[in-house]
Amino acid sequence: MRQVQIFTGSSHTELSALILDRLGQAAAPAIVKRSDNMEMGVELGVSVRNQDVFIIQSGSSTINDHIMELLIMINACKLASARRITAVIPYLPYSKQSKKKKARGSITAKLIANMLQVSGVDHIITLDLHSAQIQGFFGKPVDNLLAEPVIAQYIQSCLQEYNGFDGPAVKGCVISKNAGGAKRVTSLADILKLDFALIHRESHFQASKKVLPGDEVMRLTLVGNVKDMVCFVVDDIINDIHTFLDTAEHLKQCQAKKVIIVATHGILSREALIEIDENIAVDEIAITNSYPMADELKNITSKLKIIDVSGVLAEAIRRTHNGESISYLFSHVV
């Protein structure tokens, strides 16, 4: 690609390398300096004047440092007369805070959008925003790519594997762990032509005794049939593992054959992975590589599978640079 410079932040070097490899490009040189008081500075190692600049930086466990690194890098490119600056942010930080949850809360996703725009960004490429309305927080174009095609491909491969054994054909079912994820699940079920079901959650108390804070329990009700099926519990973000675990346990109680957790952004701690490994109700967990994870964490459990999304991000960069439509990426695996 001509007149293009691709910079990579330090949040997810593994994904950045995969994207650059697919594009056949080398990373543009840049040095990030940190002073004793942890202030950051960026020094670009190449001219970006009248260049099409892409900066790859995802959310991470040190999310605030990497946000500042991205903002400073964008501003450095802007001041160096870049023609267009595109921030490629596979996991947009603070995307779950897109509305006020309490009377005196904040809408942090809007704040992040404002900060990116003030720094000088011209275009945003991201993946599976938690809420679609976040696109409206930006006054600049936002391409919200979907992991749905690669997730659908993964589910199909799982079902083909299970049906490769002798015996009756195994059916699949896509599950939403709450009512809020029903739209995502039904869309995936339509693509795969599978059944879908959801878990209805209801808080209730023991009525026969005095109510104490510790007495509150969550009652789960399955809406649908999962008997002898391979169940895929699908969501966009997995960080609170306990809602997924109790969903898996309830599905096994409802005679599900296997339970596989599938999510786009896997924000998993060491403790969460250990819990998954020890929980017999979960047969497998699949996440994309949109969010960085250390190799030592990946090795904690053999149940963990990683779905590569570098292809869709690389193709989005190529098409953006060439002025081509990206609609193809919403329904096809690349």
Find out if a path of hydrophobic residues (ILVMFWY) with successive side-chain heavy-atom gaps under 4.5 Å connects [X] to [Y].
X	Y	result
Met40	Ile63	yes
Val282	Ile199	yes
Leu79	Val46	no
Val234	Val170	yes
Tyr328	Ile191	no

Minimum heavy-atom distance [X]-[Y], with the two atoms named:
X	Y	answer
Ser310	Asn289	N-OD1, 4.4 Å
Ile287	Leu268	CD1-CD1, 4.2 Å
Val333	Pro149	CG2-O, 3.4 Å
Phe54	Ile317	CZ-O, 3.7 Å
Ser290	Ser58	O-OG, 2.8 Å
Leu188	Ala152	CD1-CB, 3.9 Å

Does this structure show an ion pair linking [X] with [Y], if we count only N-O contacts that are shorter than 4.0 Å?
X	Y	value
Glu296	Arg270	yes
Arg319	Asp143	no
Arg34	Asp65	no
Asp235	Lys177	yes
Arg84	Asp52	yes
Lys298	Glu14	yes
Glu249	Lys252	no
Glu324	Arg318	yes
Asp122	Lys78	yes

Short side-chain to backbone donor-acceptor contact, [X] and [Y], under 3.5 Å:
X	Y	result
Ser131	Ile134	no
Asp283	Val259	yes
Asn50	Ser81	no
Thr288	Thr264	yes
Gln97	Ser106	no
Glu315	Val312	no
Ser187	Arg184	no
Glu69	Ser10	yes

Could you check His265, His130, Lys96 and say which one makes a side-chain hydrogen bond (donor to acceptor under 3.5 Å, both in side chains) with Asp236?
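The single option meeting the side-chain hydrogen bond (donor to acceptor under 3.5 Å, both in side chains) with Asp236 is His130.
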Nearest 0.5 angstrom please: [X] [atom1] to [Y] [atom2], how far?
X	Y	atom1	atom2	answer
Met293	Ile267	CE	CD1	10.0 Å
Leu159	Lys171	CG	NZ	12.0 Å
Asp277	Ser302	CG	OG	6.0 Å
Leu273	Leu304	CG	CG	6.0 Å
His12	Leu18	NE2	CG	8.0 Å
Leu116	Leu92	CG	CG	7.0 Å

Check: Cys158 and Lys258 side chains under 4.5 Å, non-hydrogen atoms
no
Is it true that atom [atom1] of [X] has more than 12 heavy atoms of other residues, nucleotides or ligands lying nearer than 6.0 Å?
X	atom1	result
Lys303	NZ	yes
Tyr154	OH	yes
Asp36	CG	no

One pair to check against side-chain contact (heavy atoms from CB on, under 4.5 Å): Ile155 and Leu194. What are the steps and the verdict?
CA-CA 10 Å; Ile155 292 175; Leu194 296 177; 4.1 Å; yes
Walk me through whether Met68 and Leu71 qualify under side-chain contact (heavy atoms from CB on, under 4.5 Å).
CA-CA 5 Å; Met68 282 306 302; Leu71 295 172; 4.1 Å; yes
Geometric class of the Tyr291/Tyr91 ring pair [parallel <30°, tilted 30-60°, perpendicular >60°]:
perpendicular
Test log, rule side-chain contact (heavy atoms from CB on, under 4.5 Å), inputs Phe137 and Ile107
CA-CA 10 Å; Phe137 292 169; Ile107 306 176; 4.1 Å; yes
Mind running side-chain contact (heavy atoms from CB on, under 4.5 Å) on Ile55 and Val88 for me, showing each step along the way?
CA-CA 6 Å; Ile55 303 172; Val88 182; over 6 Å; no
His200 meets the ring-ring contact (aromatic ring centres under 6.0 Å, His included) criterion, sequence neighbours left out, with none
